[in-house]
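Worksheet for the structure shown next.
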Amino acid sequence: MMKKIAIVIPCHNEEKGIVKVIEDIPLKLLKKRGYQTEVLVIDNNSTDRTAQVAEEKGARVIYEPKRGKGNAILAGFNALSDDTNYVVMLDGDNTYRPQEIFRLIEPLENNFCDVVVGSRLGGKIKKDAFKLQNRMVNWIYTFLVRQFYRANVTDVLSGYFAWKKEVIDELKHHLKSNGFSIEMEMITKMTLLKYEIYSVPITYEMREGETKIDSLKDGVSILSMLFKNLMWKPIKRHFKDRKLKIAIVTDSIYPYNKGGKEKRIYEISQRLAQKGHEVHIYSMKWWQGSKDRIENGVHLHGISRYYPLYAGRRRSIKEAVMFGSACLKLITKDFDVIDVDHMPHLILFPIKIVCLIKKKKMIVTWNEVWGRKYWGEYLGKMGIVAAGIEKLSVLLPDEIISISKHTTKKLTKELHSKKEIYTIPAGIDINKIRKIIPSNEKSDVIFAGRLISHKNVDILIKAIALARKTHPKIRCLIVGDGPEKKTLEALTKKLQLTSNVIFKGFLEDERKLYALIKSSRIFVLPSTREGFGIVVIEANASGIPVIAINHRDNAARDLIIEGHNGYRVNLKAQEIAQRIGMILDEKSRKNIKAYYPFIKDYDWGNISSRLLEIYKI
């Protein structure tokens with residue numbers, strides 16, 4: 001059976017060098033020697049054509065918007081597939097020779113060590129490739145690391161590494177550096193984690209393009225990391241090698257209530273159960289019959305009777321109070337790990353009591369942050385109280401899982417969370433979507449989601465009215481149900497769009513939804529409030545671009561790579577209509593490149609594996 005090597009290449013504006021790096025990877029020779037190879041280029045906010053040329057050369061491109069080499073490397077580690085055996089990292093500036101990869105892999109293959117570091121100081125440095133002052137600083141850092149850490153390395157600032165995959169699985173949870181101190185952090189922490197590290201000589205060439213390192217600033221940061229980690233101790237991973245008994249607490253579950261968070265729990269819980277873990281979901285009793293049942297290998301428990309989630313157009317306070325009080329029943333339940341859905345916030349308080357009594361760590365999954373402004377819009381004067389509860393609730397978890405970088409940022413900036421936050425997004429079943437046959441019912445535009453105010457479907461309908469002036473036969477499908485449906489239907493009738501805008505209602509079978517998306521040309525998501533925006537990924541996987549709204553509370557906009565998998569516009573009917581018209585125009589459509597290599601990162605299998613790693617800490 002072939003072993004798999006993943007080659008991770010962090011890049012920021014490396015258009016000149018990345019082509020040569022990828023071309024020089026000895027893919028044919030690797031295959032001949034029994035290796036399957038995947039090349040991952042991490043595009044770290046490049047403003048040139050780094051991503052495009054990398055994809056053209058066959059690389060899988062991962063986008064990491066947070067600037068810094070450390071952020072890019074961690075994004076690459078998180079994107080590794082489960083079947084990877086070895087991980088190699090090198091820079092995209094063509095300073096390292098990919099042909100020397102066997103020199104780094106061989107010691108791992110023969111179990112000589114766990115990590116191999118390519119050494120420039122012990123190898124061959126081409127003329128003018130490594131300035132004397134840089135070489136001297138590197139030698140000093142290397143000397144200090146060897147003295148203080150007893151690390152068996154001869155180049156601590158090298159960018160050429162090779163690891164056994166299990167080392168990355170452990171190491172990535174301990175990495176904090178977002179910049180050029182990442183190599184120092186990795187070497188010092190790997191040494192403290194007791195991994196065997198050795199150096200091999202490599203060749204170092206003149207770089208393509210300009211260096212990104214600030215000698216003084218980054219030099220101080222690297223030195224600081226060296227001394228800081230002397231006091232570092234790894235977090236104990238309590239459940240590293242055994243199957244877990246996992247409790248998931250949520251007031252609503254799929255398929256009884258079909259929302260994004262419900263689908264996320266449904267997909268992840270099934271995959272965790274398939275891995276042999278015992279998964280219990282504690283919720284309201286949405287189903288008929290016994291309060292305890294097993295569905296697809298997952299244990300469901302109705303710990304309270306069903307209460308409607310909404311009272312009119314707003315979330316029900318009664319439901320939050322009644323289900324929250326029922327959560328105290330978990331005192332009698334046995335579990336290793338508990339993961340609680342953050343909404344409604346009131347349920348976090350009784351769960352905290354349960355965790356304190358049972359001496360268990362409390363993990364909370366945060367889908368979105370509302371903040372004081374939105375709570376005020378939502379509840380009026382009572383919004384101040386609700387915002388206070390939200391801010392207080394963020395103090396309760398021991399660990400927080402955020403479903404988007406947008407939510408992570410708001411947790412730290414608006415709610416001032418000081419806790420560890422792990423960003424693990426929602427996902428899709430890529431294989432299922434790919435197998436769906438497009439519907440015979442064609443459309444130009446499609447929307448799918450709950451028909452509630454912040455989805456702004458009324459703006460989409462007004463945009464269709466404007467787009468009809470240049471595209472008289474434009475056809476828009478609106479899939480979903482909700483409290484705004486009658487108002488939206490009345491607006492459609494008022495604008496005389498009944499032949500252009502068709503309401504499909506709620507579809508029980510998601511395969512029918514995917515079939516309709518595949519037979520459309522544009523997905524429009526006019527929402528201004530999304531904790532993640534999974535429909536963007538679903539639409540892209542179905543092969544169509546997405547128009548999303550550029551709004552501070554909309555995490556879906558972060559999934560848009562402008563001009564590739566979609567577009568960001570302001571919440572204005574005119575702007576949406578113009579963009580729709582441009583995409584529908586055949587000449588413009590030819591310039592729209594379906595750019596979907598990042599979709600693999602959102603496969604449910606990869607996401608459930610990442611979540612399991614957090615549970616085991």
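Ring centroid separation for the pair Tyr602 and Phe532 comes in under the 6.0 Å cut-off.
A side-chain donor-acceptor contact under 3.5 Å links Arg557 and Asn550. Remark: the Asn540 side chain and the Asn565 side chain contain an N/O donor-acceptor pair separated by less than 3.5 Å. Side-chain contact, Thr423 with Thr408: a donor N or O sits under 3.5 Å from an acceptor N or O. Looking only at atom types and distance, the side chain of Asn178 has no donor-acceptor partner in the side chain of Lys69 under 3.5 Å away.
Nearest heavy atom pair, residue Thr95 against residue Met206, reads CG2-C, 4.1 Å. The shortest non-hydrogen separation linking Ser402 to Ile421 is CB-CG2, 3.8 Å. Shown here for Ser81 and Asp83, the closest heavy-atom pair between the two residues is OG-OD1, 2.6 Å. Here the closest heavy-atom approach between residue Lys3 and residue Asn85 is recorded as CA-OD1, 3.2 Å. Taking both residues in full, the closest heavy atoms of His173 and Glu613 are given as NE2-CB, 3.1 Å, listed atom of the first, atom of the second, then distance. Taking every heavy atom of both residues into account, Leu411 and Ile400 meet most closely at CD1-CG2, 3.9 Å.
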Inset, instruction - Begin from the C-alpha positions of Lys409 and Glu414 and carry the test salt bridge (Lys or Arg N to Asp or Glu O under 4.0 Å) through to its verdict. - result: CA-CA 8 Å; Lys409 183 177 179 180; Glu414 293 190 26; over 6 Å; no

Inset, instruction - List the steps and the verdict of side-chain hydrogen bond (donor to acceptor under 3.5 Å, both in side chains) for Glu100 and Thr203. - result: CA-CA 8 Å; Glu100 296 178 346; Thr203 306; 2.6 Å; yes

Inset, instruction - Give the C-alpha distance, both sets of side-chain angles, the deciding distance and a yes or no for ring-ring contact (aromatic ring centres under 6.0 Å, His included) between Phe161 and Tyr96. - result: CA-CA 11 Å; Phe161 281 76; Tyr96 301 104; 9.5 Å; no

Legend entry - Stepwise side-chain hydrogen bond (donor to acceptor under 3.5 Å, both in side chains) check, Ser199 with Ser119: CA-CA 6 Å; Ser199 295; Ser119 175; 5.1 Å; no

Inset, instruction - Take Leu104 and Val200 through the side-chain contact (heavy atoms from CB on, under 4.5 Å) test and state the conclusion after the steps. - result: CA-CA 7 Å; Leu104 281 77; Val200 298; 4.0 Å; yes

Inset, instruction - Give the C-alpha distance, both sets of side-chain angles, the deciding distance and a yes or no for ring-ring contact (aromatic ring centres under 6.0 Å, His included) between Trp163 and Phe77. - result: CA-CA 11 Å; Trp163 300 267; Phe77 289 168; 5.4 Å; yes

Inset, instruction - Please step through side-chain hydrogen bond (donor to acceptor under 3.5 Å, both in side chains) for the pair Ser224 and Ser221, ending with a clear verdict. - result: CA-CA 5 Å; Ser224 174; Ser221 177; over 6 Å; no

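Put simply, the side chain of Arg568 never gets that close to the backbone of Ile547: no donor and acceptor are under 3.5 Å apart. Judged purely by atom type and a 3.5 angstrom limit, Asp43 has no side-chain atom pairing as donor or acceptor with the backbone of Ala51. A donor-acceptor pair under 3.5 Å is absent between the side-chain atoms of Ser181 and the main chain of Met184, judged by distance alone. Checking side-chain atoms of His342 against main-chain N and O of Asn367 turns up a donor-acceptor pair under 3.5 Å. One N or O on the side chain of Arg60 and one on the backbone of Ala79 form a donor-acceptor pair closer than 3.5 Å. Side chain of His277 to backbone of Leu272: no donor-acceptor contact under 3.5 angstrom is found. Remark: side-chain polar atoms of His12 are not paired, donor with acceptor, to backbone N or O of Thr47 under 3.5 angstrom. Side chain of Ser608 to main chain of Trp604: a donor-acceptor pair is present (N/O by atom type, distance under 3.5 Å, no hydrogens or angles). Judged by distance alone, the side chain of Asp114 and the main-chain N or O of Tyr195 form no donor-acceptor pair under 3.5 Å. Listed for the Glu185 side chain is a donor-acceptor partner under 3.5 Å among the backbone atoms of Ser177.
The distance from atom CG of Leu157 to atom CG of Leu121, rounded to the nearest 0.5 Å, is 8.5 Å. Put simply, CZ on Arg271 and CD on Gln274 are 6.5 Å apart, with the number rounded to the nearest 0.5 Å. Here Lys419 contributes atom NZ and Ile363 contributes atom CD1; the two are 12.5 Å apart, rounded to the nearest 0.5 Å. Here CD1 of Ile168 is found 7.5 Å from CE of Met186. Values are rounded to the nearest 0.5 Å. Put simply, OG1 on Thr365 and CD1 on Ile401 are 4.0 Å apart, with the number rounded to the nearest 0.5 Å. A distance of 9.0 Å separates OG1 of Thr154 from CG of Asn138, quoted to the nearest 0.5 Å.
For Ser609, the side-chain hydrogen bond (donor to acceptor under 3.5 Å, both in side chains) partners are Asp82, Lys275, not counting sequence neighbours.
Using a cutoff of 4.0 Å between basic side-chain nitrogens and carboxylate oxygens, Lys57 and Glu23 are scored as salt-bridged. The residues Glu205 and Arg97 are annotated as salt-bridged, a charged nitrogen and a carboxylate oxygen being separated by less than 4.0 angstrom. Asp398 has no carboxylate O lying under 4.0 Å from a charged side-chain N of Lys360, or vice versa, which leaves the two without a salt bridge. Salt bridge present: Glu64 and Lys405 bring a charged side-chain N and a carboxylate O closer than 4.0 Å. Classification of Arg207 and Asp91 as a salt-bridged pair fails, no side-chain N sitting under 4.0 Å from a carboxylate O. Look at Glu55 and Arg49 and you find no salt bridge, because none of the NZ, NE, NH1 or NH2 atoms lies under 4.0 Å from a carboxylate O. Salt bridge Lys16/Asp48: absent, no basic N to carboxylate O contact under 4.0 Å. Salt-bridge check for Asp339 with Lys361: failed, with every basic side-chain N at 4.0 Å or more from each acidic carboxylate O.
The side-chain heavy atoms of Trp366 and Lys410, taken from C-beta on, include no pair separated by under 4.5 Å. Counting only heavy atoms from C-beta outward, the side chains of Ser404 and Pro425 never approach each other to under 4.5 Å. Counting heavy atoms from C-beta on, the side chains of Asn78 and Lys172 come closer than 4.5 Å. With contacts defined as side-chain heavy-atom distances shorter than 4.5 Å, the pair Asn44/Asn13 does not qualify.
Shown here is Arg434, whose CZ atom has no more than 12 heavy atoms of other residues, nucleotides or ligands within 6.0 Å. Applying the 6.0 Å contact sphere to NZ of Lys176 captures more than 12 heavy atoms from other residues, nucleotides or ligands. Counting non-hydrogen atoms of neighbouring residues, nucleotides and ligands closer than 6.0 angstrom, the CD atom of Glu106 reaches no more than 12 such neighbours. Around the NZ atom of Lys245, the shell of radius 6.0 Å holds more than 12 heavy atoms that belong to other residues, nucleotides or ligands.
Screening Lys4, Lys165, Glu109 for a side-chain contact (heavy atoms from CB on, under 4.5 Å) involving Tyr86 leaves a single residue, Glu109.
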Donor-acceptor pairs are to be reported for all side-chain atoms of residues 225-235 against protein atoms at under 3.5 Å, with residues two or more places apart or in another chain.
from   : atom 1 : to     : atom 2 : distance (Å)
Asn229 : ND2    : Thr188 : OG1    : 2.8

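Residues in residues 120-142 take part in these ring-ring contact (aromatic ring centres under 6.0 Å, His included) pairs, two or more places apart or across chains: Phe130-Tyr204, Trp139-Phe143.
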